[in-house]
A.B. asks: 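The following block contains the structure, expressed as structure tokens.
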Amino acid sequence: MRKSAFFILLYVTGILSGCGYHHLGGIGSSNDGLDGVHIRIFANKSYRAGLETVATRSIIDEFARHSGGNSVNEATARLVLSGAVLSYAVAPVSYTAADRIAGYRATVKLAASLVERQTGKIVWRGEVAESQDYPAQADISLQQNSETAAMAEICIRLAEQLHEKMQEDF
């Protein structure tokens with residue numbers, strides 16, 4: 001009887017105290033006390049046209065996910081995030097028995113900085129890189145679709161990394 005009462009008390013105490021999880025807050029969250037972060041369109045220093053648009057859209061979506069979907073105008077923002085796509089590269093990573101390319105790896109590298117709008121002070125600066133493998137296709141249009149899908153997936157993961165690093169280092 002005593003053991004079961006002890007375990008019941010232990011269970012109830014565990015339930016009432018919670019698991020200890022809490023939101024970290026920080027940059028881009030709705031409870032961080034910031035006026036918000038405005039995200040400028042990233043520059044593109046790579047040869048891949050349109051990559052800056054995909055990267056910027058992914059970053060905006062990631063910040064919106066953490067801030068309840070709030071979009072902040074630059075004139076009212078406390079912080080401004082800007083950056084550039086530094087590089088984009090594609091390389092073969094696997095081959096068939098006939099020595100034909102079976103798969104490629106796309107790699108994207110971004111640099112970003114977070115600046116206080118009124119003072120111009122850099123409060124965070126960093127770089128992130130990510131890769132994604134995709135299959136080689138005999139049809140060129142299917143090949144381009146695979147590469148575009150890999151590029152979009154890379155940009156989503158880069159946006160997640162960027163947001164996470166900014167929260168860690170801020």
A.B. asks: Determine which pairs satisfy salt bridge (Lys or Arg N to Asp or Glu O under 4.0 Å) with at least one residue from residues 81-92, sequence neighbours left out, and list them in order.
C.D. replies: none
A.B. asks: What are the two closest non-hydrogen atoms of A112 and W124, and how far apart are they?
C.D. replies: O-CZ3, 3.6 Å
A.B. asks: If you define the side chain from C-beta out and look only at heavy atoms, does anything of T148 sit under 4.5 Å from R48?
C.D. replies: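 Heavy-atom side-chain distance check passes, below 4.5 Å.
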A.B. asks: Check D61 with R65, please: is the shortest side-chain N to carboxylate O separation under 4.0 Å?
C.D. replies: no
A.B. asks: Quick check on I41: does its CD1 atom have over 12 non-hydrogen neighbours (other residues, nucleotides or ligands) under 6.0 Å away?
C.D. replies: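 It does not: I41 CD1 has 12 such atoms or fewer within range.
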A.B. asks: For Q132, which residues count as a side chain to side chain donor-acceptor pair (under 3.5 Å) partner, sequence neighbours excluded?
C.D. replies: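 Side chain to side chain donor-acceptor pair (under 3.5 Å) list for Q132, sorted by chain: R157.
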A.B. asks: D133: which residues meet the side chain to side chain contact (heavy atoms under 4.5 Å, CB included) condition with it, sequence neighbours left out?
C.D. replies: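 In terms of side chain to side chain contact (heavy atoms under 4.5 Å, CB included), with neighbours along the sequence ignored, D133 is linked to V93, R105.
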A.B. asks: For the CD1 atom of I59 and the CE atom of M166, what is their distance to the nearest 0.5 Å?
C.D. replies: 9.0 Å
A.B. asks: Given side chains that start at C-beta, do those of F63 and V72 come closer than 4.5 Å, heavy atoms only?
C.D. replies: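 Contact flag for F63/V72 side chains = no.
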A.B. asks: Under a 4.5 Å cut-off applied to non-hydrogen side-chain atoms, are S58 and I154 in contact?
C.D. replies: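 Heavy-atom side-chain distance check fails, nothing below 4.5 Å.
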A.B. asks: Let me see the working for E62 and L162 under side-chain contact (heavy atoms from CB on, under 4.5 Å), right down to the final yes or no.
C.D. replies: CA-CA 9 Å; E62 180 68 17; L162 190 63; over 6 Å; no
A.B. asks: Rest of the hydrophobic cluster containing I122 (Ile/Leu/Val/Met/Phe/Trp/Tyr, side-chain heavy atoms under 4.5 Å)?
C.D. replies: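 When side chains under 4.5 Å apart are linked, the cluster holding I122 also contains V115.
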A.B. asks: Should L114 and L86 be counted in the same cluster of Ile, Leu, Val, Met, Phe, Trp and Tyr side chains packed under 4.5 Å apart?
C.D. replies: no
A.B. asks: Quick one: salt bridge (charged side-chain N to carboxylate O under 4.0 Å, His left out) partners of E52, sequence neighbours excluded?
C.D. replies: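 Expected list: none.
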A.B. asks: Taking all heavy atoms of A77 and all of V37, pick out the closest pair and write down the distance.
C.D. replies: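 So the two residues come closest at CB-C, 4.5 Å.
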A.B. asks: At what distance, to the nearest 0.5 angstrom, does CD1 of I60 lie from CG of L81?
C.D. replies: 9.5 Å
A.B. asks: To the nearest 0.5 angstrom, please state how far the CD1 atom of I101 sits from the CD atom of Q137.
C.D. replies: 13.0 Å
A.B. asks: According to the ring-ring contact (aromatic ring centres under 6.0 Å, His included) rule, which pairs have a member within residues 133-162, sequence neighbours left out?
C.D. replies: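 ring-ring contact (aromatic ring centres under 6.0 Å, His included) check on residues 133-162 returns Y104-Y134.
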A.B. asks: Would a hydrophobic clustering, with Ile, Leu, Val, Met, Phe, Trp and Tyr connected at side-chain separations under 4.5 Å, put Y47 with I140?
C.D. replies: no
A.B. asks: Can you get from V80 to I39 by hopping between Ile, Leu, Val, Met, Phe, Trp and Tyr side chains that sit under 4.5 Å apart?
C.D. replies: no
A.B. asks: To the nearest 0.5 Å, what is the distance between SG (C155) and CG (L51)?
C.D. replies: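 One gets 5.0 Å once the value is rounded to the nearest 0.5 Å.
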A.B. asks: If a pair satisfies side-chain hydrogen bond (donor to acceptor under 3.5 Å, both in side chains) and one of its residues is in residues 86-101, list it, with sequence neighbours excluded.
C.D. replies: Y88-E147
A.B. asks: Just jot down the side chain to side chain donor-acceptor pair (under 3.5 Å) partners of T56, sequence neighbours excluded, or say none.
C.D. replies: none
A.B. asks: What pairs meet the salt bridge (Lys or Arg N to Asp or Glu O under 4.0 Å) rule with one or both residues in residues 107-122, with sequence neighbours excluded?
C.D. replies: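 Applying salt bridge (Lys or Arg N to Asp or Glu O under 4.0 Å) to every pair that reaches into residues 107-122, excluding sequence neighbours, yields R78-E116, K109-E127.
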A.B. asks: Linking I/L/V/M/F/W/Y whenever their side-chain heavy atoms sit closer than 4.5 Å, directly or via other members, would V90 and V54 fall into one cluster?
C.D. replies: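 Yes, because V90 and V54 connect within a single hydrophobic cluster, where side-chain heavy atoms sit under 4.5 Å apart.
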A.B. asks: Only counting residues at least two apart or in another chain, list the ones meeting side chain to side chain donor-acceptor pair (under 3.5 Å) with S131.
C.D. replies: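 For S131, the residues satisfying side chain to side chain donor-acceptor pair (under 3.5 Å) (neighbours in sequence not counted) are T107.
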A.B. asks: Tell me the salt bridge (Lys or Arg N to Asp or Glu O under 4.0 Å) pairs involving residues 36-45, sequence neighbours left out?
C.D. replies: R40-E74
